[in-house]
Amino acid sequence: MSLLTQTPSQTAGPYFAYGLAARQYGFPHTSIAGATLAEAHTPGELIALEGRVLDGVGQPINDALVEIWQADATGRYHAPDFGGFGRFGTGTERDQAFRFQTIKPGSVEGQAPHINVLVFMRGLMSHLYTRLYFADEAGANALDPVLNSVPSDRRATLLAPRVAGPGLPCYRFDIRVQGEGETVFFDL
């Protein structure tokens with residue numbers, strides 16, 4: 001019997017962004033979700049949410065796919081006037097950022113307003129799951145059971161500050177997949 005050797009490792013993808021955010025990449029296919037979750041007529045505070053997915057040395061990842069899922073302004077998921085689900089591939093932006101137009105969610109069952117964030121990218125066999133909390137919700141954040149389950153010295157990785165800029169009020173949320181300041185990811 002011959003000795004079998006280990007085969008080289010394979011990197012999966014990146015397949016996600018092209019197939020799941022086809023319109024963004026210029027393909028003539030429909031997508032079930034995009035970067036615009038809300039318009040001016042959507043109840044709630046219309047906001048922009050932007051950030052980048054960064055690698056271990058702080059370089060932006062140009063082929064990540066970011067999905068967000070959130071409640072409406074009153075804290076309801078699956079609300080009739082707000083789907084609450086969006087996708088953005090980082091490969092089409094000059095700065096490899098993701099940008100969503102949405103509303104600031106309400107509190108869900110006593111939790112602080114938050115947005116659920118999933119990250120897909122090459123080299124990951126399973127997605128990363130995290131939450132975005134709003135830095136200007138200090139009182140609600142202090143009472144949130146999920147945020148308070150995170151060691152206090154790591155909670156800042158889940159907070160999106162409101163930043164100045166033209167247009168809509170904007171929250172900035174960079175996702176660091178490893179290294180110093182690594183975002184807290186949840187094992188679900």
Side-chain angles (χ1 to χ4, degrees), residues 17 20-21 23-25 31 33-55 58-77 79 81-108 111-121 128-142 144 146-147 150 154-177 180-186:
L20 297 176
R23 278 202 182 149
Q24 182 189 341
Y25 283 86
S31 300
T36 303
L37 287 72
E39 302 284 351
H41 64 273
T42 307
E45 181 187 10
L46 193 62
I47 62 170
L49 170 62
E50 68 177 35
R52 296 181 300 171
V53 181
L54 303 171
D55 67 13
Q59 294 298 308
I61 296 172
N62 67 0
D63 55 1
L65 178 73
V66 177
E67 289 185 347
I68 63 172
W69 185 47
Q70 66 172 92
D72 72 358
T74 64
R76 294 179 303 163
Y77 284 100
D81 54 354
F82 181 69
F85 178 71
R87 281 189 176 135
F88 200 100
T90 61
T92 60
E93 295 295 301
R94 186 179 37 193
D95 59 354
Q96 290 87 49
F98 57 86
R99 292 183 170 84
F100 292 99
Q101 178 176 304
T102 186
I103 55 169
K104 193 170 181 183
S107 174
V108 178
Q111 298 178 48
H114 65 275
I115 295 177
N116 301 295
V117 180
L118 287 86
V119 178
F120 301 84
M121 54 182 254
L128 301 172
Y129 174 83
T130 190
R131 278 184 168 191
L132 173 163
Y133 288 91
F134 297 90
D136 56 2
E137 296 283 348
N141 291 342
D144 186 88
V146 176
L147 186 58
V150 174
R154 308 272 329 274
R155 289 180 196 153
T157 69
L158 301 178
L159 299 177
R162 192 169 180 145
V163 295
L168 296 174
C170 181
Y171 289 87
R172 178 82 191 181
F173 188 63
D174 286 336
I175 301 165
R176 290 177 171 75
V177 296
E180 187 172 333
E182 179 180 324
T183 299
V184 170
F185 299 106
F186 296 95

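Hydrogens, waters and symmetry mates are skipped; everything else that's a heavy atom, side chains included, is used. Just so it is clear, the model here is predicted, and its values are computed rather than measured.
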Heavy atoms, side chains only, cut-off 4.5 Å: are [X] and [Y] in contact?
X: Gln70; Y: Arg131; value: no
X: Leu37; Y: Ile103; value: no
X: Arg87; Y: Ser31; value: no
X: Val150; Y: Tyr133; value: no
X: Thr42; Y: Asp81; value: no
X: Leu54; Y: Gln96; value: no
X: Val146; Y: Phe186; value: yes
X: Leu158; Y: Arg155; value: no

For a quick test of reading the model, state the closest non-hydrogen atom pair linking [X] to [Y] and the distance between them.
X: Leu159; Y: Leu147; result: CD2-CD2, 4.3 Å
X: Ile175; Y: Thr183; result: CA-OG1, 3.5 Å
X: Arg154; Y: Thr157; result: O-OG1, 2.8 Å
X: Pro105; Y: Ala71; result: CB-O, 3.4 Å
X: Ala33; Y: Gly86; result: CB-CA, 4.0 Å
X: Ala21; Y: Gly89; result: CB-N, 4.3 Å

Kindly indicate, with the supporting measurements, whether the criterion side-chain contact (heavy atoms from CB on, under 4.5 Å) is fulfilled by Phe173 and Val66.
CA-CA 12 Å; Phe173 188 63; Val66 177; over 6 Å; no
Nearest 0.5 angstrom please: [X] [atom1] to [Y] [atom2], how far?
X: Cys170; Y: Leu49; atom1: SG; atom2: CG; result: 7.0 Å
X: Met121; Y: Thr90; atom1: CE; atom2: OG1; result: 9.5 Å
X: Leu132; Y: Thr130; atom1: CG; atom2: OG1; result: 8.0 Å
X: Ile68; Y: Ile115; atom1: CD1; atom2: CD1; result: 5.0 Å
X: Gln111; Y: Asn141; atom1: CD; atom2: CG; result: 11.5 Å
X: Leu65; Y: Gln24; atom1: CG; atom2: CD; result: 8.5 Å

Determine, for Glu182 against Arg176, whether the closest basic-nitrogen to carboxylate-oxygen distance falls under 4.0 angstrom.
no
Between Lys104 and Asp136, is there a side-chain N and carboxylate O pair less than 4.0 Å apart?
yes
Run Phe98 and Glu93 through side-chain contact (heavy atoms from CB on, under 4.5 Å) and show every step you take.
CA-CA 8 Å; Phe98 57 86; Glu93 295 295 301; over 6 Å; no
Parallel, tilted or perpendicular: which fits the ring planes of Phe88 and Phe100, with parallel below 30° and perpendicular above 60°?
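If you compare the ring of Phe88 with that of Phe100, the planes turn out perpendicular.
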Take the angle between the ring planes of Phe134 and Tyr171 and call it parallel below 30°, perpendicular above 60°, tilted in between.
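Phe134 vs Tyr171 ring planes: perpendicular.
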Where do Arg52 and Arg172 land on the side-chain contact (heavy atoms from CB on, under 4.5 Å) test, with the steps shown first?
CA-CA 9 Å; Arg52 296 181 300 171; Arg172 178 82 191 181; 3.4 Å; yes
Quick one: does His41's side chain have a donor or acceptor within less than 3.5 Å of a partner on Glu39's backbone?
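Answer holds: no.
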Examine distances only and state if a side-chain atom of Gln101 and a backbone atom of Ala38 form a donor-acceptor pair shorter than 3.5 Å.
yes
Trace of the side-chain contact (heavy atoms from CB on, under 4.5 Å) decision for Phe120 with Val53:
CA-CA 10 Å; Phe120 301 84; Val53 181; over 6 Å; no
